[in-house]
Structure formats: structure tokens, C-alpha cells
Amino acid sequence: MSPAAAAQPSASAVPLTYRTLGSTGLKVTSVSFGCMTTSDESVVRRAADLGIVHFDTARSYQDGNNERMVGAALKGRRKQIVLSSKSLAKTGPEASAQLDTSLRELGTDYLDIWYLHAKNSAEEVTDELVEVQRAAKKAGKIRFAGVSTHFNMDLMLDHLVRRGQTDVVLTTYNFSMRDVAVKGAQPRKTDMTAAIQAARKAGIGIVAMKTMAGGVARIGRGDRLYGADQQALKAIVGRQGGALAAIKWVLRNQSVDTAIVCMTDHDQLDENLRAMSSPYGDQDEKILQSLVARIGPSYCRMCGSCSGVCDRGVPVPDVLRFLSYAEGYGQFAMARQHFLALPEQARAARCRDCASCSVDCPNGVQVRHNVMRAQELFA
């Protein structure tokens, strides 16, 4: 055990709360471990020692190295944990092959949850991919079938409920998503809280991600968030517990079964666990209202108003999400890797070449400014 881990408080000092994941019967801690940005396996091991039950990774994280690290960190604990991974595959054979690779790298015979990853429209959840999940269940390779969705989340939740073949949904959900406007042929307001409640009532397990709205956890350490004034942001959320408030806001929705939160070190682990024992209060609300006002021009609510692309084929929500990885989470290499994986047309487009932007965000995000910054950083 590392000196840092050895100096941390014992498991008995950390109060935990549990919720049941939809109709699966799986009991998980209301705060779970999102492994995407983690490279220190001692943090994963200590989280398990403290009683964290659910650990989430993906085939694509860290070029596959994340699954290997998680498997090594949790070796010998398989029966005590709930383990999930994801595949970005678009075809059945590719998905099957990725599942087998995930099992091998994680050192397990089965996954508790296996997600079809980053599916943001009904058409992306194909019969072929759903059949791979069904066959994997029958073969004992997975226990429950999941879908993860990053935008159009309320519509995707409704679709997956009606389709009736998904056990768990991993969905973007955070404090910035109150009263979000969506343009289109029929303008509407999204209500993610209500959408989550309806899906949970239908028996789907709800796992929340992106709870920090793009990197709130890092503000207190002097990191930049979307180019905003870091001193002003620190005054709002650093010393006052912005990360904790963000998690508590998500957990106050009792239809959220668990929130997966990225934790890169022991300090973040300790802070995040406190969300399970501290109710959401007036001070938390003040912190988050101030934060929304600060990040509003930059943080994409993933509502789907721009239909996913601009006139030149740039996937605006994806590019803004990659920017949050770099400037909010401090994961520049991962952000650039995602950007470079975009189709050539999207990578080659430059906002500076357009006289005006075809995307008019109804929620006030300065799309052109932020996408230009992403292009400067990653292209």
C-alpha cells in the first residue's frame, strides 16, 4: 500500500448509503467509482476497502489500459463488486469481440453491466447490437444490458423504456440541466429529472454521469475551467465545496440509483464519499446557481438542439465535451485522442472560416468561440 493510502481514514469512518439499481436487484452505493481518468490503482483498491461497490470502465478508456488497471486493482474481489464496461462498437461482430477483450483485460468471466456506449439516437441502438447483448446474457458473459447516452438524454430514456430491452441506462445528468430549452420544429423544454423518474418507475436502473458539469472537482486546485477566471471560480466553489454540492444535487433525485464520479486521487475519493451522508441544502443551491452563471456560456447541456452537428459537419456537443475533458478534468491527451478520432471532414472544418455560426444555442452557449478553442487545442 502506498504511504498516501496508508494515511487515509479507515472504512468505519466513512458512512455509506445504498440504492437498488432498477429491477436488477443489484445493491450499489449511491456514489460509485468512475474509472475513466484514474491511473492510480491504489485509489481503486482503497475505494473497495471503504465499501464502494460499483466500478465503471470502458473498452475505449486510456486505449484499453484502464480496463487492465481496474482488473489488477480489483483482483480477488470479484464477488464483492458490481463491474461495468462499455463498447463503442457499431456492428455485432465488433461488439462481441470487444466484450471478449474486456473480459480478458478485466480478468473476469462476466460483467454485471455491459453498455452499448454513447448512443444518442434511437437509430444507433440497432437490433444487431441488442441481439449481441441478448446472446451475451444467455452465454453468461453479462448479467444486465445497458445503454449509455450523452445527449438527447430525455428522448433516449423514453425510447429505451418503450423498446423494453435495456436494464440499465447511464445518462448525463447534472445541476446545469434545469429548465433547458430545446429548439426545433416543435420547441420544448427538457426535464431530465422527470425523464429519469419515469424511466426508473418503468424498472430501468439509472446511473448518472457527468455530474460535475465538466470538471467542478478540479476548480479548488487552481485548474482552469473553460477559460473562466479561476480565482472567481475558486471563490464560488473551491473552498465552499462545489464538487460535493454537484454530487448531492444529483443524488437528491431518488430515482437516480447511483452516480459514477471520476476520482483520480485519494483526496477526491474522500470528498466524493461525503456526498452520501450530507443532504443537499441552501448553501449547496447558492454555490451551484453561482457556478451555472459562470460556466453557462461554455458548458453544453447536451440537449440536442443542434441535432448533433453544425452545417459543416462538426459534432458540436462532442467537441464541447472533449474540451471539458481537457480544461475541466485536466485530461488533455484523452481529449485530443477523442478529437482525432472524429471523421476527417469534422476534424478539418474550422470555425474561423465561417462568417457566422449555424448553431444558435437556446441556452446561451457561445458555440463558435468554444469550438474554435477546441480546434486550436486539438487539431
Side-chain angles (χ1 to χ4, degrees), residues 30-38 54 56-58 60-61 66 84 86 88 115 117-120 146-157 168-178 180 190-193 195-196 199 205-219 223 225-226 237 242-253 255-264 268 271-272 275 288 291-292 294-296 298-305 308 315-331 334-335 338 361 363 365 370 374:
S30 54
V31 172
S32 294
F33 200 118
C35 301
M36 180 178 73
T37 61
T38 310
H54 180 31
D56 178 86
T57 181
S60 58
Y61 292 168
N66 192 258
S84 64
K86 318 179 193 75
L88 286 166
Y115 294 100
H117 192 28
K119 305 304 182 188
N120 301 312
V147 171
S148 77
T149 180
H150 290 83
F151 70 98
N152 283 331
M153 293 85 61
D154 59 330
L155 300 181
M156 284 300 295
L157 282 166
V168 182
V169 174
L170 172 60
T171 180
T172 300
Y173 183 55
N174 60 58
F175 61 89
S176 77
M177 295 176 178
R178 292 175 281 192
V180 174
T190 67
D191 188 340
M192 274 300 295
T193 295
I196 285 172
I206 300 295
V207 183
M209 64 173 167
K210 314 299 181 192
T211 57
M212 299 293 187
V216 175
R218 297 181 56 83
I219 292 172
D223 295 286
L225 183 68
Y226 302 121
V237 297
L244 197 60
I247 302 172
K248 290 193 289 184
W249 185 90
V250 169
L251 295 183
R252 73 175 186 167
N253 181 350
S255 293
V256 172
D257 298 317
T258 189
I260 55 169
V261 184
C262 290
M263 313 184 207
T264 59
Q268 287 183 0
E271 180 176 24
N272 295 342
L288 297 185
L291 183 57
V292 166
R294 287 280 178 175
I295 69 172
S298 301
Y299 182 69
C300 176
R301 276 53 160 200
M302 309 294 174
C303 68
S305 276
V316 171
D318 288 336
V319 172
L320 295 184
R321 178 160 53 88
F322 304 158
L323 187 62
S324 77
Y325 291 159
E327 294 195 331
Y329 293 95
Q331 299 290 320
M334 180 181 73
H338 280 290
C361 177
N363 300 296
V365 175
N370 289 287

Novice: Could I get the full list of side chain to side chain contact (heavy atoms under 4.5 Å, CB included) partners for Ala374, not counting sequence neighbours?
Specialist: Val319, Leu323, Phe378
Novice: Hey, does Phe151 have a side-chain heavy atom less than 4.5 Å from the side chain of Val316?
Specialist: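 Answer no - side chains too far apart.
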Novice: With rounding to the nearest 0.5 Å, note down the distance linking CD in Gln331 to NE2 in His338.
Specialist: 10.0 Å
Novice: For Leu251 and Ala275, which heavy atoms make the closest approach, and how far apart are they?
Specialist: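 Here Leu251 and Ala275 meet closest at CD1-O, 4.0 Å.
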Novice: Between Met334 and Met36, is the side-chain contact (heavy atoms from CB on, under 4.5 Å) condition met? List the steps.
Specialist: CA-CA 10 Å; Met334 180 181 73; Met36 180 178 73; 3.8 Å; yes
Novice: Can you name the closest pair of heavy atoms from Ser32 and Thr258 and give their distance?
Specialist: OG-OG1, 2.6 Å
Novice: Mind checking side-chain hydrogen bond (donor to acceptor under 3.5 Å, both in side chains) for Thr193 and listing every partner two or more places apart, or none if nothing turns up?
Specialist: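 Only Tyr173 meet the side-chain hydrogen bond (donor to acceptor under 3.5 Å, both in side chains) criterion with Thr193.
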Novice: Considering all heavy atoms of both residues, which atom of Asn370 and which atom of Ser298 are nearest to each other, and what is their separation?
Specialist: OD1-OG, 3.5 Å
Novice: Using the side chain to side chain contact (heavy atoms under 4.5 Å, CB included) criterion, which residues pair with Thr38? Sequence neighbours excluded.
Specialist: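 Result, side chain to side chain contact (heavy atoms under 4.5 Å, CB included) vs Thr38: Phe33, Val44, Met69.
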Novice: Salt bridge (charged side-chain N to carboxylate O under 4.0 Å, His left out) with Arg252: which residues, sequence neighbours excluded?
Specialist: none
Novice: What are the two closest non-hydrogen atoms of Leu288 and Ala246, and how far apart are they?
Specialist: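 Residues Leu288 and Ala246, closest heavy atoms: CD2-N, 4.0 Å.
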Novice: Once side chain to side chain contact (heavy atoms under 4.5 Å, CB included) is applied, do any residues pair with Asp257, and if so which ones, sequence neighbours excluded?
Specialist: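 For Asp257 the side chain to side chain contact (heavy atoms under 4.5 Å, CB included) partners, ignoring immediate neighbours, are Leu21, Arg200, Ile206.
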Novice: Write down the atom of Ile295, the atom of Ala213, and the distance for their closest heavy-atom approach.
Specialist: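 Smallest heavy-atom distance, with atoms named: CD1-O, 3.9 Å.
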Novice: Run the side-chain hydrogen bond (donor to acceptor under 3.5 Å, both in side chains) test against Ser176 and tell me which residues pass, sequence neighbours left out.
Specialist: Asn174
Novice: Can you tell me how far the CG atom of Leu320 sits from the CZ atom of Phe322, to the nearest 0.5 Å?
Specialist: 10.0 Å
Novice: Name all residues meeting the salt bridge (charged side-chain N to carboxylate O under 4.0 Å, His left out) criterion together with Lys119; count only those two or more places apart in sequence or in a different chain, and write none if there are none.
Specialist: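 Scan of Lys119 (salt bridge (charged side-chain N to carboxylate O under 4.0 Å, His left out), adjacent residues dropped) gives none.
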Novice: Taking the side chain as everything from C-beta on, heavy atoms only, tell me whether Cys303 gets closer than 4.5 Å to Asn363.
Specialist: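 Side-chain contact under 4.5 Å: yes.
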Novice: Would Leu157 and Ile196 satisfy side-chain contact (heavy atoms from CB on, under 4.5 Å), going step by step from the backbone distance to the final call?
Specialist: CA-CA 7 Å; Leu157 282 166; Ile196 285 172; 4.0 Å; yes
Novice: For the residue pair His54 and Ile260, establish whether any side-chain heavy-atom pair is separated by less than 4.5 Å.
Specialist: yes
Novice: With side-chain contact (heavy atoms from CB on, under 4.5 Å) as the test, would you mind laying out the steps for Lys86 and Asp56 before giving the verdict?
Specialist: CA-CA 9 Å; Lys86 318 179 193 75; Asp56 178 86; 2.5 Å; yes
Novice: For His150, give me all partners under side chain to side chain contact (heavy atoms under 4.5 Å, CB included), at least two apart in sequence or on another chain.
Specialist: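 His150 satisfies side chain to side chain contact (heavy atoms under 4.5 Å, CB included) with His117, Ala118, Asn120, Ser148, Thr172, Met209, Lys210, Arg321 only.
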Novice: Check side-chain hydrogen bond (donor to acceptor under 3.5 Å, both in side chains) between Thr37 and all other residues, then give those that pass, not counting sequence neighbours.
Specialist: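 side-chain hydrogen bond (donor to acceptor under 3.5 Å, both in side chains) list for Thr37, sorted by chain: empty.
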Novice: Would you sort out whether Val261 and Met212 count as a side-chain contact (heavy atoms from CB on, under 4.5 Å), showing the intermediate values?
Specialist: CA-CA 8 Å; Val261 184; Met212 299 293 187; 3.6 Å; yes
Novice: Quick check against the 3.5 Å criterion: does Arg301 have a side-chain atom that pairs as donor or acceptor with the backbone of Gly296?
Specialist: yes
Novice: Just to verify, what does Tyr115 make a ring pair (Phe, Tyr, Trp, His ring centres under 6.0 Å) with, not counting sequence neighbours?
Specialist: none
